[in-house]
Amino acid sequence: MSPLTLILARTLTLNPEQPDVQAVLVGGGRVLACGTREDLQALAPRAEVLDHRDLLLTPGLADAHIHLVMYGASLGQVDLQGVTGVPEVQKRVADRAARTRAGEWIEGGGFLTSELGLGRYPTAADLDAVSPHHPVILHSRDHHLLWANSLALRLAGITEATPQPEGGQIVHPLGTLLEASAIEQVTRVMPARTPAQWLDAARAGSADLRARGYVSAHTMAFEDPGAPWALQTLADRGELPLRVWACLPHDALDHARALGLGPGAGGMFAWGGVKFFADGALGSRTAWLHAPGFADGSGTGIAIDPPEVIRERGRQALELGLIPVTHAIGDRANTEVLNAYDDLRALARQRGKRLRVEHAQHLRAADLPRFDGLTASVQPIHLIGDAPMIRDLLPHLEAGSYAFRSLQAAGAVLAFGSDAPVAPPIPQANFRAATTRLGQDGQPLAPDEALTPEEVLWAHTRGPAIAAGWEDEGWIRPGARAAFTLWDELGGQAQALVP
């Protein structure tokens with residue numbers, strides 16, 4: 001290949017100084033010039049020409065919230081996305097059991113309890129009926145609920161007499177575990193993945209994302225330590241097809257300090273954030289809510305990492321040059337996170353960091369202005385499945401759910417992602433959800449919060465770059481990384497282009 005490449009395409013640069021161009025000249029992995037076809041051909045007459053004048057070129061897509069290696073591993077598990085009843089779950093588990101040696105674990109996920117047609121949490125007996133000889137664990141779509149059969153529970157030592165864990169719940173009759181402190185009692189007894197398996201999962205997740213048009217990702221910390229190891233190993237080998245910004249779990253901060261770990265200096269993998277969980281999730285009824293809570297009477301959810309932990313360890317993270325990144329779904333969780341962040345804002349400004357709230361899903365009107373200067377890392381695709389649940393469970397918060405336009409108006413930087421494997425990393429679904437606000441029931445949710453396609457593009461490109469502190473990403477201008485997405489039309493079919 002020629003050392004210089006000239007890309008001809010209708011181009012949205014997201015650079016306000018030069019928003020629309022006809023051609024982009026790249027070399028050495030960087031954008032060298034933007035302008036007209038004639039000017040750039042005169043500048044570099046021997047450059048290799050990539051003629052995409054029938055397509056639209058934009059900065060490369062970023063997924064600002066994904067569990068990248070976990071997503072790669074999920075591609076080989078039992079897929080329960082869209083199942084509408086326990087019999088269909090049983091059929092898929094039985095089919096996998098028939099192809100699996102007795103005693104080996106079966107793992108799957110993607111279901112919503114609201115779609116199973118149950119007036120209760122699922123039980124171990126539901127799975128024992130089709131798989132008594134394999135330990136089975138099934139993750140809910142939001143990964144805040146685990147459905148296990150009796151063999152899996154027995155191997156974990158969980159009985160009717162097992163005490164309730166702090167920050168989680170073992171539901172009776174047995175079979176459902178809520179939140180990480182309960183879930184990990186089962187997952188920790190599973191056979192550990194080998195290094196080769198971790199590398200395979202990292203390759204699978206990265207390749208899948210790249211094939212969908214993405215060039216970068218922010219991977220969250222809700223994964224085994226083998227996950228970032230695999231990504232870093234692929235980056236060191238020159239095999240990682242995405243630029244990755246990674247988060248540490250907050251309970252690893254002491255180790256990070258001892259190792260002198262801070263933000264990476266560049267390359268395709270770098271540490272950047274420290275992850276906290278203020279609460280659970282909507283579908284599992286564990287989102288932390290202000291009174292009156294869930295409309296079905298199931299309570300006000302579960303608080304996980306206390307605000308004082310977020311405040312103190314967030315300070316430690318900033319002192320290491322890392323960004324506090326906090327999961328907050330419920331309106332109470334968001335209030336408490338904002339309270340903690342108020343005490344961190346001055347230090348964050350001093351360190352040149354932007355505090356992040358992940359999901360920011362259900363908000364009180366009084367809290368919206370408090371997002372000024374923060375990153376709101378949100379996932380429009382979740383609106384599609386959540387809209388009917390919001391109308392049923394949180395009717396009083398409907399106007400403040402997925403409040404994208406209000407967050408933007410308040411001064412938050414929007415950074416769009418998928419939360420895969422919670423939802424598939426389909427950029428087209430994010431475009432549709434953010435612009436139409438239509439739930440899977442066909443009804444709009446808070447339609448005044450809709451964005452334009454161009455605003456969605458910004459939130460999938462420049463927004464994540466700002467959130468990660470990447471000045472050289474998310475727009476097309478001289479000096480920026482030469483990593484693009486090609487579209488047949490904005491929000492349509494997409495492919496990555498990294499000359």
With the side chain counted from C-beta on, respond yes when Leu155 and Trp105 share a heavy-atom pair under 4.5 Å apart, and no when they do not.
yes
Does a side-chain N-to-carboxylate-O contact under 4.0 Å join Arg141 and Glu115?
yes
Side-chain donor-acceptor pair under 3.5 Å between Trp487 and Thr58, yes or no?
yes
Is Asp54 salt-bridged to Arg10, cutoff N-O under 4.0 Å?
no
Determine the interplanar angle of the Trp271 and Phe269 rings, folded into 0 to 90°, and report it as parallel if under 30°, tilted if 30 to 60°, perpendicular if over 60°.
perpendicular
Should Asp126 and Arg120 count as an ion pair when the cut-off is N to O under 4.0 Å?
yes
Please determine whether a side-chain nitrogen of the Lys or Arg among Arg188 and Asp224 lies less than 4.0 Å from a carboxylate oxygen of the Asp or Glu.
no
State, yes or no, whether a side-chain contact exists between Glu107 and Met190 at a heavy-atom distance under 4.5 Å.
yes
Does a salt bridge link Arg405 with Glu449, judged by any charged N lying under 4.0 Å from a carboxylate O?
no
Would you say the rings of Trp458 and Phe416 are close, in the sense that their centroids are separated by under 6.0 Å?
no
His359 vs His65, ring pair (Phe, Tyr, Trp, His ring centres under 6.0 Å): CA-CA, chis, key distance, verdict:
CA-CA 9 Å; His359 312 302; His65 185 117; 4.7 Å; yes
Would a 4.5 Å heavy-atom cut-off, applied to side chains only, mark Met70 and Pro421 as touching?
yes
Pair Glu471 + Arg462, salt bridge at N-O below 4.0 Å
yes
Does the plane of the ring in His327 sit parallel, tilted or perpendicular to the ring in His144? Use 30° and 60° as the thresholds.
tilted
So that I know where these two stand, are His218 and Trp470 an aromatic pair - ring centroids less than 6.0 Å apart?
yes
salt_bridge(Arg99, Asp95) N-O dist < 4.0 Å
no
Hey, is Arg212 close enough to Asp63 for a salt bridge, meaning N to O under 4.0 Å?
no
Identify the two heavy atoms, one from Gly273 and one from Leu322, that lie closest to each other, and give their separation to 0.1 Å.
N-CD2, 4.3 Å
Is it true that, when you exclude His396 itself, more than 12 heavy atoms of the residues, nucleotides or ligands shown sit nearer than 6.0 Å to its NE2?
yes
With a distance cut-off below 6.0 Å to the six-membered ring centre and an angular limit of 45° from the axis, does Arg92 pair with Phe111 as a cation-pi contact?
no
